[in-house]
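Because only heavy atoms are used, hydrogens play no part in the values below, and waters and symmetry mates are left out as well, while side chains stay in. Chain identifiers are assigned alphabetically (A, B, ...) following the order of the sequence lines, protein sequences preceding nucleic acid strands; residue numbering begins at 1 within each chain. Since this is a predicted model, take the numbers as computed values, not measurements.
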Protein chains: 2
Amino acid sequence: MITVFARCRVHYDGRAKSELGPGDRVIVIKPDGSFLIHQSKKREPVNWQPPGSRVRLELRENPVLVSIRRKPRETLEVELEEVYMVSLFRAEDYEELALTGSEAEMAELIFERPELIEPGFKPLFREKQIKHGIVDILGRDSSGNLVVLELKRRRAELHAVSQLKRYVEALREEHGNGVRGILVAPSLTSGAKRLLEEEGLEFRKLEPPKRDRKSRGRQTTLV
Amino acid sequence: MITVFARCRVHYDGRAKSELGPGDRVIVIKPDGSFLIHQSKKREPVNWQPPGSRVRLELRENPVLVSIRRKPRETLEVELEEVYMVSLFRAEDYEELALTGSEAEMAELIFERPELIEPGFKPLFREKQIKHGIVDILGRDSSGNLVVLELKRRRAELHAVSQLKRYVEALREEHGNGVRGILVAPSLTSGAKRLLEEEGLEFRKLEPPKRDRKSRGRQTTLV
DNA sequence: ATATGCATGTCGTAA
DNA sequence: TTACGACGTGCATAT
């Protein structure tokens with residue numbers, strides 16, 4: 001990884017287009033082609049290039065770092081007015097992040113303990129493709145109704161209710177009116193609650209579980 | 001801004017929870033509290049803390065960088081096993097990004113040249129709050145119908161059609177059936193097209209304009 | 001390659 | 001503060 005402290009101007013053209021006047025920034029270039037330009041505020045880089053981009057240094061009046069992405073074609077040019085520091089870091093790293101508390105783990109939990117939704121609930125499919133989208137969990141209740149679950153790891157917003165409604169309507173068109181929709185989340189915004197109730201959809205409160213040592217991709221032994 | 005090259009372990013607990021085993025990473029700490037940990041791949045930091053977090057250095061067996069955010073309470077601990085470099089950069093920067101090609105500029109364009117939607121179209125409101133959400137543009141057509149526009153700066157997906165459908169249904173409940181919905185975007189995904197047609201909604205092709213020198217927040221003189 | 005949806009999303013804006 | 005939606009979203013996954 002290369003890190004540069006410099007006063008620079010930045011020109012970007014691609015999906016959008018931007019200009020950034022002169023100022024001091026931290027530039028990070030990764031071996032996978034990722035290119036980050038950070039101002040002294042915010043979590044987000046002010047400009048960037050994603051992995052797979054190709055970088056080169058051009059010598060014009062000022063040296064210019066040029067990073068190019070194809071597909072979509074995007075160009076990032078960093079005009080270096082003054083370079084305060086350049087450093088190369090040969091970083092060795094074989095570890096991957098192990099994260100827990102995701103929506104995927106809420107789904108696992110529901111398959112393990114379906115009674116968390118309601119007595120007699122039977123989950124049947126996970127990430128089931130239907131006519132207009134992909135349902136988080138599709139199952140049946142004790143009365144034989146189809147039940148669509150839409151899971152959210154955080155407070156559910158209008159967006160989540162729209163999603164659930166879209167799935168329920170698609171399934172009702174195919175399977176008739178015996179289709180229920182349940183939004184499963186730790187909580188609901190006011191607007192989400194209003195739309196949910198108006199549409200005759202339901203809500204079950206469920207927090208995303210924080211398990212021990214959830215490793216990327218596949219779940220390891222539980223305690 | 002402080003930049004550290006180090007072999008470290010990372011422990012995060014907050015909205016979710018994660019562990020990252022030992023490896024070489026680049027750490028950036030900004031004066032606004034932003035805290036970034038970058039591995040040698042991907043545009044995204046593997047762990048982070050947003051602006052407003054408070055950082056301190058604790059001396060245990062190893063030195064540990066602790067960054068804490070309140071509301072929500074989130075803790076990030078970086079256990080430094082070996083520090084290769086530490087550097088402080090007093091970055092002076094008074095410039096802001098000027099970006100063009102946004103959805104906001106599509107809206108401006110439509111207010112300037114409403115015939116891009118159709119002859120006789122009259123835009124009335126921008127970002128208009130309605131019962132279930134906020135409509136991008138609300139206007140009337142030459143026949144006196146209410147017209148809802150949903151704008152997307154890039155290829156529109158199912159998500160965009162769901163949004164438009166939610167707005168149109170909310171307005172139909174209030175104003176009766178003389179309500180049209182038009183998705184305005186450079187293109188449509190296959191699934192978006194299918195749902196749009198099934199719902200009797202419409203599509204107008206429009207690219208986000210790249211103007212000269214669009215500055216943050218307010219638009220400057222056009223050529 | 002396209003389509004779909006999650007994310008510790010982050011960020012800006014309005015009520 | 002909460003709600004809502006954009007973002008050059010990035011990213012993984014399935015087709």
Look at the side chain of [X] and decide which nucleotide, out of [options], has an atom nearest to it.
X	options	value
A:Lys152	D:dA3, D:dA6, C:dC6	C:dC6
A:Leu158	D:dC4, C:dA7, D:dT1	D:dC4
B:Tyr12	D:dC11, C:dT8, C:dC11	C:dT8
A:Lys42	D:dG8, C:dG9, C:dC11	C:dC11
A:Ile134	C:dG5, C:dT8, C:dA1	C:dG5

Handout entry: Geometric class of the B:Phe5/A:Phe89 ring pair [parallel <30°, tilted 30-60°, perpendicular >60°]
Key =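 Correct class here is parallel.
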Quiz question: by atom type and distance under 3.5 Å, do the side chains of [X] and [Y] form a donor-acceptor pair?
X	Y	result
A:Asp32	B:Ser40	no
A:Arg43	B:Ser34	no
A:Glu81	A:Asn62	no
B:Tyr94	B:Glu92	yes
B:Thr100	B:Glu105	yes
B:Glu44	B:His38	no

Handout entry: Check: D:dG10 base within 3.5 Å donor-acceptor of B:Glu44 side chain
Key =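 Answer is no: no donor-acceptor pair is held.
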Problem - Under 3.5 Å donor-acceptor pair, B:Asp13 side-chain atoms to C:dT8 base atoms - result: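 Answer is no: no donor-acceptor pair is held.
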Problem - Nucleic acid contacts of residues 183-205 of chain A, taken as heavy-atom distances under 4.0 Å to DNA chain C - result: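 Result for residues 183-205 of chain A: none.
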Practice task
Give, ordered by number, those residues of residues 48-56 of chain A having at least one heavy-atom distance below 4.0 Å to an atom of DNA chain D; if nothing qualifies, reply none.
Solution key: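 Within this stretch, A:Trp48, A:Gln49, A:Pro50, A:Pro51 sit under 4.0 Å of the strand.
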